[in-house]
Amino acid sequence: MSEPEAGPVTVRGICTHAGLTPRYFYESFENVDVLVGATYDGVITEIAERAGAAFDAGADPRDKVLSAVEAIVDIVDTDRRKGRLIFSDSLGSPVLAERRAESLQLFATLTSRSAQQVSTVRGDDELMAASHFQVGGLGRVLASWTEGRLDLDRERLVAVCGRMLLPESRSHAVGDR
């Protein structure tokens, strides 16, 4: 099945891509915004749960962060559509724009747990600024990767993201954990 084209998300486009008539769509969803919101929320929940579990299972701050990044990359690599939905601006929808802003705040708050351990920023405002920077940067890298704009295999992607998120680990070789 071909990938959806960039642009606004419409009932017609969804039905054409799925091979359904609009009648079937409306039997399950009130409108396209309900479908988009539910799909986005499902993927965000999956990412939050798996990344959180990976982070919690890590042995030290560095391992926690790398494990969480690896869990996110695994989800995106398994189904690139999930990555484009969450990280890419190519799908146009007011619901997606709102959900992305909400999830940025959620993930910045979660990231602040590790930022305290691996960053030189101090104070709540600096910590949240650093967390937004990390989450935003990771999101843009993953968007570019899922859109085919970065020629990195999964392992190199995780290693590069780890080095950017963990400044003290820049001296480690690519792929080292």
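Just so it is clear, the values below take in all heavy atoms, side chains as well, and ignore hydrogens, waters and symmetry mates. This structure is a prediction, so every number in the text was calculated from the model and none was measured.
R81 contributes no side-chain N or O that, together with a main-chain N or O of V76, makes up a donor-acceptor pair within less than 3.5 Å. At least one donor-acceptor pair closer than 3.5 Å links the side chain of D63 to the backbone N or O of A59. In this structure a side-chain-to-backbone donor-acceptor pair under 3.5 Å is present from T146 to A143.
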Using the side chain to side chain contact (heavy atoms under 4.5 Å, CB included) rule, take R100 and Y40 through it: C-alpha gap first, then chi angles, then the decisive distance, then the call. CA-CA 9 Å; R100 285 181 183 129; Y40 187 92; 3.5 Å; yes
Would you check, one step at a time, whether the test side chain to side chain contact (heavy atoms under 4.5 Å, CB included) holds for L96 with V36? CA-CA 7 Å; L96 286 178; V36 168; 3.4 Å; yes
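Interatomic distance, CZ of R50 versus CD of E70, reported as 10.5 Å (0.5 Å rounding).
Salt-bridge annotation for K82 and E46: present, with a side-chain N of the basic residue lying under 4.0 Å from a carboxylate O of the acidic one. Between D56 and K64, none of the side-chain N atoms (NZ, or NE/NH1/NH2) sits under 4.0 Å from a carboxylate O, so this pair counts as no salt bridge.
Taking the side chain as every heavy atom from C-beta outward, L66 and F55 never approach each other to under 4.5 Å. For the pair V160/V141, no side-chain contact is recorded, criterion being any heavy-atom separation below 4.5 Å from C-beta on.
A cation-pi arrangement is present between R80 and W145, with the terminal nitrogen or guanidinium carbon under 6.0 Å from the aromatic centre and inside a 45° cone about the axis.
In the hydrophobic clustering of ILVMFWY residues, with side-chain heavy atoms under 4.5 Å counting as a link, L104 and I75 come out together.
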